[in-house]
Amino acid sequence: MPGKWGLELSVPLPGVDMFVVEDRGGAVALMVASLLFLGTWPALLTLLERRGRLPQHTYLDYSVTNLLAAAVIAITFGQVGETRPGMPSFFTQLTQDNWPSVLFAMAGGIALSIGNLISQYAWAFVGLSVTNIICSSMAVVLGTTMNYFLDGRINRAEILFPGVACFLVAIFLGSAVHSSNAKDEEEKLSMSRGIELSSDVADQVKLLPNQEAMEDGEDGDFDTGTAEFIVQVEKRRSIKVFGSSRWLGLGMVLLAGVCFSLFSPAINLATNDQWRALRDGAPRLTVYTAFFYFSVSCFALGIGLNARLLYRPVAGVPPSTIGAYAGDWNGRHWALLAGLLCGFGNGFQFMGGQAAGYAAADAVQALPLISTFWGIILFGEYRRSSRKTYLLLGSMLTMFVVAVVLLMASAAHRKTG
């Protein structure tokens, strides 16, 4: 029976069917929850980085609970209850010959893990808001187009692609916002210290205050958005970006965006087998099993790369050790919460996409609407910026809202069975 939010599902108890979302209303409800989760977890990781916690420590903690969320979804939604025709339970699928689909799912997890790792450093270069806006816009422009054709064009093209175009416009607006805000900050620093700054590489090392005074200070000592506040944040954070070209940060963002555009189509292929990779008679992976394999590969790569980065760090991050990571409890609860939010957010996105089309589910890439809110509230982004920056920021967010409405409106019903 349809539930309050339009979910045609069965309660996951013995004697009834497996939990399955089968209509547009239920899919949209999952997308909204996914949007909130996926827009919040980057803010938690950025908060820890700005407080000086090493990104390797944070990402290792995040990876553990991200996998835990996938296991919880698979064991509850994908296992409890009676199976449906063509939809084996989670544990049954683990023993079946469906390796082509498993590899698609794991490839998606690898793409997401690389994108997350790159964006974790890109946040320090260009800010939380701009990083998420450009990455999400690219994921929609490329990923949604691929999903539309993989799904057999079940979404309404006359609504979907104008939404994709709005995301494309948001990419250019996001770049303009970053450029304008960077110039605002250079001007603040130049006026504060009387030093002329170049457009690409500013000699910010000359601007750093006395180190002992900085170590004794707190963020609250300076007004948000002032030159002193900017310098103090850069001194405390674990990723050092002073003296770096802003184009390096934008390049990292674009690379992360390409990675993010691939993981959703990979899950689509894993669950629907559009390329007929499975042998005849082999059941397709359920979205729960596919998401589990996806998260396993994401976990393995994330753990491996960050364990190496402990000893061979980049971007000015100091080296660490496994022992130092194990003893670092400063902010660990926030990193663990970020992993849970990301894991459940991704799971809900895939569940919604399986029901209403993965192209429409890419509407959750509106997560910059949430992350921009956190960026302003938690980190003081865009405080005391120029009127031009505010105008560009408002235009960018407006374009995002229009794009999300259009993608949600294009949602369709996927026929099962």
Side-chain angles (χ1 to χ4, degrees), residues 21-24 26-32 34-35 38 100-112 114-115 134-168 170-171 256-278 284-291 293-295 298 345-368 400 403-416:
V21 179
E22 295 184 329
D23 72 348
R24 176 176 172 177
V28 169
L30 288 172
M31 293 177 202
V32 171
S34 175
L35 170 61
L38 294 179
S101 293
V102 170
L103 293 177
F104 279 127
M106 297 186 77
I110 291 172
L112 179 64
I114 294 174
I134 296 178
C135 286
S136 297
S137 298
M138 290 186 64
V140 169
V141 172
L142 301 176
T144 300
T145 302
M146 288 187 279
N147 278 324
Y148 172 74
F149 290 103
L150 286 174
D151 280 335
R153 307 180 183 183
I154 64 174
N155 299 102
R156 300 171 61 184
E158 67 275 12
I159 298 177
L160 179 70
F161 285 106
V164 172
C166 290
F167 273 101
L168 181 60
I171 294 177
V258 171
C259 294
F260 289 142
S261 70
L262 298 176
F263 76 84
S264 179
I267 284 288
N268 196 348
L269 286 167
T271 54
N272 295 298
D273 192 34
Q274 292 94 334
W275 290 356
R276 302 293 187 269
L278 291 174
R284 301 172 183 173
L285 289 183
T286 66
V287 67
Y288 313 115
T289 308
F291 179 47
Y293 282 119
F294 171 96
S295 299
C298 188
N346 284 330
F348 291 164
Q349 176 188 354
F350 298 151
M351 291 165 65
Q354 188 63 20
Y358 283 90
D362 285 335
V364 304
Q365 297 300 333
L367 58 94
F400 241 121
V404 172
V405 170
L406 291 174
L407 260 67
M408 287 282 190
S410 75
H413 172 69
R414 184 192 300 274
K415 295 180 179 179
T416 59

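Nearest heavy atoms, A111 versus C259: O-CB, 3.3 Å. Minimum heavy-atom separation, A266 to F104: CB-O, 3.4 Å. For the residue pair A360 and M31, the shortest heavy atom distance occurs at O-SD, 3.9 Å. Taking both residues in full, the closest heavy atoms of A359 and N155 are given as CB-OD1, 3.5 Å, listed atom of the first, atom of the second, then distance. The two residues L269 and Q274 make their nearest non-hydrogen contact at CA-OE1, 3.4 Å. Shortest non-hydrogen contact noted between G352 and A361 is C-CB, 4.4 Å.
In this view, C166 and M399, V402, A403, L406 satisfy the side chain to side chain contact (heavy atoms under 4.5 Å, CB included) rule, not counting sequence neighbours. Scored by the side chain to side chain contact (heavy atoms under 4.5 Å, CB included) test, A165 finds no partners at all (sequence neighbours excluded). With sequence neighbours left out, R153 forms a salt bridge (Lys or Arg N to Asp or Glu O under 4.0 Å) with no residue at all. Under the ring pair (Phe, Tyr, Trp, His ring centres under 6.0 Å) criterion, F260 pairs with no residue at all, not counting sequence neighbours. For A290, the side chain to side chain contact (heavy atoms under 4.5 Å, CB included) criterion is met by A105, I267, A270, T271, L285, not counting sequence neighbours. Among residues two or more places apart in sequence or in another chain, the ring pair (Phe, Tyr, Trp, His ring centres under 6.0 Å) test is passed with Y148 by F161.
Using modelled atom types, no side-chain atom of D273 and backbone atom of S101 make a donor-acceptor pair closer than 3.5 Å. Not one N or O on the side chain of S261 forms a donor-acceptor pair closer than 3.5 Å with the backbone of A139.
Counting heavy atoms from C-beta outward, F263 and Q349 have side chains that approach closer than 4.5 Å. Counting only heavy atoms from C-beta outward, the side chains of N272 and L150 never approach each other to under 4.5 Å. Side-chain contact between V404 and F167 is present, with at least one heavy-atom pair separated by less than 4.5 Å. Residues Y358 and F350 have side chains in contact (heavy-atom distance under 4.5 Å, counting atoms from C-beta outward).
With rounding to the nearest 0.5 angstrom, the CE atom of M408 is 13.5 Å from the CD1 atom of I159. Residue I134 holds its CD1 atom at 9.0 Å from CE of M138, rounded to the nearest 0.5 Å. For the atom pair F149 CZ and T144 OG1, the distance stands at 12.0 Å (nearest 0.5 Å). Taking OH from Y293 and CG from L103, the interatomic distance works out to 10.0 Å, rounded to the nearest 0.5 Å. In this structure, CG on N346 lies 11.0 Å from CZ on F348, to the nearest 0.5 angstrom.
Partner of L160 under the side-chain contact (heavy atoms from CB on, under 4.5 Å) criterion, out of T145, N147, D362, L407: L407 alone.
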